[in-house]
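Below is one structure, written out as structure tokens; comments come after it.
This is a predicted model, so every value here is computed, not measured. One is the number of the first residue; the rest follow in order along the sequence.
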Amino acid sequence: MISASQHVIPVIIIAGLSGAGKSSALKVFEDMAYYTIDGLPMSMTSEFMDVLTECGLESYKGIVLGVDVRQCSFKSEWTTAINKLVADGYSPTVIFLESRADVILRRYKETRRPHPFEGNGIGLEQAMTNERALMAPARAEADFIFDTSEYSIHDLRRVLQRRWQSEENDVKGLKVHLMSFGFKHNTPSEADMIFDLRFLPNPHHDPELRPYSGQDAPVVSYVLKNSVGQTYLRKLEDLLHFTLLQMEKEGRYRITIGFGCTGGRHRSVAVTEAIFEFLKKSDFAVSKEHRHINLA
């Protein structure tokens, strides 16, 4: 693939056989904060890119286009469209998805959906054969070819996350959101996991510490710089590191973890801050929220 330097925004084109996972792949990239669009005729790619770049895409990591093969001119337009993108200063990366014929046949029978090339006297098997021939130019010029015959949806997600997350940086694909809260206010319904920290020493009972929060050094020291706090934090770090890695391998995209104490100001905040720093050093994409830190 020819490279260019005018445009730095990544452009990924997903092509492939119907039933090989193009829609699922687009959803994976959408979850990874790429701007995605499906069903785009190849002849419109260059014009579409001009419109998108004028709109501003600062919040997106790149653009992913799923091309529409249901056009009789696809074969002739493919190379022309790719060359036009390169001439315009883009460096498109082409992903081609395919599967064995028997797998695609089984998938269509299971979903009971018609193949795009079926109809007018053409059955499923002939439609598959015709499409494979039509897509030959795209396959020949692809930067990455993925055979999804043995893939589940989770497998495809893992493969794409591993490849494109690592290309951006070394941050892991799983997005972890940490949240401190107080049980006396409410338990966050969006939390996937909740840790009850009410067994840790409570700074609220110390008049000198009460005005501070878990973001302040005196409270952090009181909560975590003791044998119980240090042992718990070490075991919690080990548990979360192991669990989150397994979730990432399984294709999990995001998780919200809640840390609760009585009021949500001291213990839960201190532990959330400590775990945030630990996960950041472990290269997880992690964010934090202190829901009740300013409530009495």
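Atom-to-atom distance recorded for K280:NZ and S287:OG is 12.0 Å, nearest 0.5 angstrom. How far NE2 of H290 is from CZ of F276: 9.0 Å, rounded to the nearest 0.5 Å. A distance of 11.5 Å separates CD of Q161 from NE2 of H154, quoted to the nearest 0.5 Å. How far CD of E98 is from CE of M135: 10.5 Å, rounded to the nearest 0.5 Å. Here the CD1-CG distance, from I37 to L65, works out to 7.5 Å after rounding to the nearest 0.5 Å.
Of the possible donor and acceptor atoms, one in the side chain of H292 sits under 3.5 Å from a partner among the backbone N and O of G182. A donor-acceptor pair under 3.5 Å links the side-chain atoms of T231 to the main chain of S227, judged by distance alone. Although no hydrogens or angles enter the test, the distance criterion places a donor-acceptor pair under 3.5 Å between the side chain of R265 and the main chain of P211. Judged purely by atom type and a 3.5 angstrom limit, D216 uses its side chain to pair as donor or acceptor with the backbone of S213.
Looking at every heavy atom in both residues, P201 comes nearest to N226 through CG-ND2, 3.8 Å. A pairwise comparison of heavy atoms in T256 and E190 identifies CB-O, 3.6 Å as the closest pair. L17 and S99 get closest at one heavy-atom pair: CD1-O, 4.0 Å. The two atoms that bring V223 and R267 nearest to each other are CG2-CG, 3.9 Å, heavy atoms only. Between P218 and L209 the shortest heavy-atom distance is CB-CD2, 3.6 Å. Residue M49 comes nearest to V11 through the heavy atom pair CE-CG2, 3.5 Å, listed as atom of the first residue, atom of the second, then distance.
With a 4.5 Å cut-off on side-chain heavy atoms, V286 and L178 count as touching. Side-chain contact between I257 and H177 is absent, with no heavy-atom pair separated by less than 4.5 Å. No side-chain heavy atom of I63 sits less than 4.5 Å from a side-chain heavy atom of Y34. For the pair F284/H241, a side-chain contact is recorded, criterion being any heavy-atom separation below 4.5 Å from C-beta on. Contact of the V159 side chain with the W164 side chain is not registered, since no non-hydrogen atoms from C-beta on lie closer than 4.5 Å. The closest side-chain heavy-atom distance from L279 to L244 is below 4.5 Å. With contacts defined as side-chain heavy-atom distances shorter than 4.5 Å, the pair I82/V94 qualifies. Within the 4.5 Å cutoff, no side-chain heavy atoms of P92 are placed close to those of I12.
Ring centroid separation for the pair F181 and F183 comes in under the 6.0 Å cut-off. Ring pair F199/Y232: centre-to-centre distance below 6.0 Å.
Under a 4.0 Å N-O distance rule, the pair E110/R106 qualifies as a salt bridge.
Residues V176 and M179 do not share a hydrophobic cluster, defined by chaining ILVMFWY side chains whose heavy atoms lie under 4.5 Å apart. Under the 4.5 Å side-chain heavy-atom criterion for grouping Ile, Leu, Val, Met, Phe, Trp and Tyr, V103 is not connected to Y108 through any hydrophobic cluster. The same ILVMFWY cluster, assembled from side-chain heavy atoms under 4.5 Å apart, contains both L224 and L197. Grouping the Ile, Leu, Val, Met, Phe, Trp and Tyr side chains by contacts below 4.5 angstrom, directly or via other members, places I275 apart from I293. A chain of hydrophobic side-chain contacts below 4.5 Å, direct or via other Ile, Leu, Val, Met, Phe, Trp or Tyr residues, connects M193 to L200.
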Report task. Carefully, step by step, assess T80 and N83 under the rule side chain to side chain donor-acceptor pair (under 3.5 Å). Result -> CA-CA 5 Å; T80 301; N83 289 340; over 6 Å; no
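Partners of T79 under the side-chain hydrogen bond (donor to acceptor under 3.5 Å, both in side chains) rule, at least two apart in sequence or in another chain, are E141. For I122, the side-chain contact (heavy atoms from CB on, under 4.5 Å) partners at least two apart in sequence or on another chain are Q126, A127, N130. Scanning for ring pair (Phe, Tyr, Trp, His ring centres under 6.0 Å) contacts around F195 gives F259, with sequence neighbours left out. In this view, E131 satisfies the salt bridge (charged side-chain N to carboxylate O under 4.0 Å, His left out) rule with no residue, not counting sequence neighbours. Take K84 and apply the side-chain contact (heavy atoms from CB on, under 4.5 Å) test, not counting sequence neighbours, and it matches S46, D88.
Applying the ring pair (Phe, Tyr, Trp, His ring centres under 6.0 Å) definition to pairs two or more places apart or across chains, none involves residues 204-229.
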